[in-house]
Amino acid sequence: MIYKITPVPKCRMTRSDKWKKREIVLRYFAFKNEIKTAGVKIKCPAKITFQIEMPKSWSKKKKLAHDGKPHLQTPDIDNLLKGLLDAVYKEDSHIWSVWAIKKWSYFPQIEIEEF
């Protein structure tokens, strides 16, 4: 299943985030709402591919060279996965096997394949 949702990593939150409303926290909560609205489900085992959009400032040549290649920068894959699982499930302890990949793409999306 392919979801046209921009992947957002789980951010580290503090008590003050309840009233400070930092941009990263607001972006994460918007991501959670989008995931719930889309009705995303993950069954184990699963392969999850996070496709990260290439910066608009990159040249066409650089974009062409990076399309589909591994994404070797932040955000870390474990934070992306944690953000997704926390958005889908209130309690994700039943998830026992996930293969996660992050790569560059022209369009941001999350692809979930069940085995």
Side-chain angles (χ1 to χ4, degrees):
M1 194 73 176
I2 296 175
Y3 300 96
K4 306 267 186 220
I5 299 171
T6 301
V8 175
K10 174 77 174 192
C11 54
R12 179 170 287 151
M13 291 189 251
T14 63
R15 280 191 227 171
S16 64
D17 283 326
K18 290 180 182 175
W19 66 85
K20 275 190 179 176
K21 309 293 185 199
R22 292 184 300 151
E23 181 184 339
I24 186 73
V25 176
L26 294 175
R27 191 171 43 205
Y28 174 67
F29 282 124
F31 170 73
K32 280 181 73 168
N33 289 335
E34 198 172 358
I35 290 290
K36 288 179 183 175
T37 303
V40 175
K41 299 282 186 236
I42 302 170
K43 294 180 182 173
C44 282
K47 175 184 173 188
I48 301 173
T49 304
F50 297 100
Q51 295 188 16
I52 311 294
E53 185 175 20
M54 293 178 268
K56 296 187 185 336
S57 61
W58 283 8
S59 67
K60 289 181 183 179
K61 183 178 178 182
K62 187 172 183 178
K63 286 182 181 182
L64 189 61
H66 281 81
D67 188 34
K69 298 288 190 316
H71 183 277
L72 304 175
Q73 302 170 340
T74 57
D76 297 341
I77 197 159
D78 57 327
N79 292 332
L80 287 169
L81 189 58
K82 183 165 179 54
L84 178 63
L85 292 177
D86 286 353
V88 173
Y89 298 110
K90 187 173 184 177
E91 177 59 48
D92 58 5
S93 62
H94 67 282
I95 301 294
W96 59 273
S97 179
V98 175
W99 176 24
I101 299 170
K102 64 176 184 161
K103 60 184 180 179
W104 290 111
S105 176
Y106 283 101
F107 306 102
Q109 61 187 21
I110 300 170
E111 183 177 346
I112 302 173
E113 296 177 55
E114 298 170 1
F115 296 107

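A donor-acceptor distance shorter than 3.5 angstrom exists from the side chain of Ser105 to the backbone of Phe107, with no hydrogens or angles considered. A donor-acceptor pair under 3.5 Å is formed between the side chain of Tyr89 and the backbone N or O of Ile42. Checking side-chain atoms of Ser59 against main-chain N and O of Lys62 turns up a donor-acceptor pair under 3.5 Å.
In this pair, Trp58 and His66 present their aromatic rings tilted. The plane angle is within the 30 to 60° band.
Annotation: ring pair (Phe, Tyr, Trp, His ring centres under 6.0 Å) contacts involving residues 5-43, sequence neighbours excluded, are absent. Counting only residues at least two apart or on different chains, the salt bridge (Lys or Arg N to Asp or Glu O under 4.0 Å) pairs with a member in residues 102-115 are Lys47-Glu113.
Among all heavy-atom pairs drawn from Gln109 and Ile2, the shortest one is OE1-CG2, 3.5 Å. The two residues Lys63 and Tyr106 come nearest to each other via the heavy atoms C-OH, 3.7 Å. Across every non-hydrogen atom of Asp17 and Arg12, the tightest pair is OD2-O, 4.1 Å.
The pair Lys32-Asp86 does not meet the salt-bridge criterion, since no charged nitrogen lies less than 4.0 angstrom from a carboxylate oxygen.
Under the salt bridge (charged side-chain N to carboxylate O under 4.0 Å, His left out) criterion, Lys56 pairs with Glu53, sequence neighbours left out.
No side-chain heavy atom of Thr49 sits less than 4.5 Å from a side-chain heavy atom of Ile112. In this structure, Ile52 and Pro7 have side chains that are in contact, with non-hydrogen atoms separated by less than 4.5 Å. Ile35 is not listed as a side-chain neighbour of Tyr3, based on a closest heavy-atom distance of 4.5 Å or more.
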